Amino acid sequence: MRAHDRMYRLGYTLAYRFGVTPWETHATATRAGVEALVDREVAERPHPPGRALDLGCGRGLHTAVLAKKGWEAVGVDAVPQAVDAASRRGIPGATFAVGDVTALEGAGLGTFDFFLDVGCFQGLSPGQRTAEGRGVSALANPGATLLMLEFQATRMRSVVGGVTRAELEAAFAGWQVLSVEPADTTKLGWPLTRTAPQWYRLRRAGRA
């Protein structure tokens, strides 16, 4: 693991240890909007809609939304403390696993019809982003969709590593971008509010 990747993983782990998780404040404040986006996914499928994977699930705030909307929801995160907290919530229809989003192929999670990534891809290095894309593709059923919240590149890239559409498409070869729309910045906080976050929606065309 590269030094950058080790430092990111350490920082993420420490954030949960010390309770410094502003992304959870944002998740709570924007829950209604996320539910509306998930409703769109459900509307395109028969009921029940299938299996969904919450990438970098943390303590399961978004996994709970997926389960509420009828998905067989699985949350995966690399921080055991976060996964333990998510599991203790006892969310009906949701299960959780400690796992690395850059090594999904050997995680034994099964296949999925929908993937949700709320900023997990954002914090990865270029090599890790490619690995996540490869793993998600391996676990995707034909026609699966992916909903991803990412921040755009700005002059503050050294503080917030932005994601361009080209970088996203390169990591998720074989996926088609269906839509790009602005994300709610409520309770997101500075400097992330300066990055014009976007929701990307992609569809898996088939196995490469």
Side-chain angles (χ1 to χ4, degrees), residues 1-2 4-5 8-9 12 23 27 33-34 37-45 49-58 62-63 65-66 69 71-78 97 99-154 157 160-183 192 195-208:
M1 184 181 293
R2 297 172 50 194
H4 170 275
D5 301 338
Y8 172 77
R9 179 67 56 78
Y12 185 60
W23 53 86
V34 174
L37 293 172
V38 175
D39 281 338
R40 177 174 59 188
E41 304 298 329
V42 173
E44 293 188 355
R45 295 171 169 83
R51 301 188 75 226
L53 182 61
D54 184 5
L55 298 154
C57 66
H62 291 110
T63 321
V65 171
L66 296 174
K69 298 299 180 177
W71 298 92
E72 181 185 338
V74 179
V76 62
D77 199 284
D100 189 336
V101 298
T102 66
L104 291 171
E105 292 141 299
L109 298 172
T111 59
F112 296 90
D113 305 290
F114 179 54
F115 299 84
L116 180 64
D117 182 328
V118 185
C120 184
F121 184 87
Q122 177 76 43
L124 303 179
S125 67
Q128 288 179 314
R129 290 175 177 179
T130 299
E132 179 184 327
R134 183 172 58 246
V136 167
S137 296
L139 271 56
N141 291 322
T145 53
L146 164 68
L147 190 62
M148 178 177 284
L149 174 66
E150 300 302 339
F151 307 107
Q152 295 187 73
T154 69
R157 193 172 184 125
V160 180
V163 175
T164 67
R165 176 168 175 165
E167 290 170 331
L168 183 61
E169 290 178 318
F172 287 87
W175 294 72
Q176 176 190 6
V177 176
L178 300 176
S179 63
V180 184
E181 53 193 286
L192 294 179
T195 63
Q198 306 283 323
W199 281 108
Y200 289 88
R201 186 174 184 243
L202 298 87
R203 173 171 289 130
R204 177 70 162 152
R207 297 205 180 276

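From a predicted model like this one, the values you see are computed outputs, not experimental measurements.
Remark: F121 pairs with F172 by the ring pair (Phe, Tyr, Trp, His ring centres under 6.0 Å) rule, at least two apart or across chains. In this view, W199 satisfies the side-chain hydrogen bond (donor to acceptor under 3.5 Å, both in side chains) rule with no residue, not counting sequence neighbours. For R201, the side-chain contact (heavy atoms from CB on, under 4.5 Å) partners two or more places apart in sequence, or in a different chain, are R40, E41, E44, T145, L147, L178, S179, R203. Applying the side-chain hydrogen bond (donor to acceptor under 3.5 Å, both in side chains) test to D113 and every residue at least two apart in sequence or in another chain returns N141. For the salt bridge (charged side-chain N to carboxylate O under 4.0 Å, His left out) test, residues two or more places apart in sequence or in another chain that qualify with R51 are E72.
Minimum heavy-atom separation, T63 to C57: OG1-CB, 3.6 Å. Listed here is the closest heavy atom pair of Y200 and T164: OH-C, 4.3 Å. Counting all heavy atoms, side chain and backbone alike, F151 lies closest to P197 at CD2-CB, 3.4 Å. Residues V42 and P49 share a closest heavy-atom pair of CG2-CG, 4.3 Å.
Looking at heavy atoms from C-beta onward, V76 lies in side-chain contact with L53 at the 4.5 angstrom threshold. Using a 4.5 Å heavy-atom cutoff, the side chains of L149 and D117 are not in contact.
A distance of 5.5 Å separates CG in L202 from CG in L168, rounded to the nearest 0.5 Å.
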Inset, instruction - Show your working on side-chain contact (heavy atoms from CB on, under 4.5 Å) between D39 and K69 and close with a plain yes or no. - result: CA-CA 7 Å; D39 281 338; K69 298 299 180 177; 3.1 Å; yes

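Screening T102, L124, V101 against R129 for a side chain to side chain contact (heavy atoms under 4.5 Å, CB included) leaves a single residue, L124.
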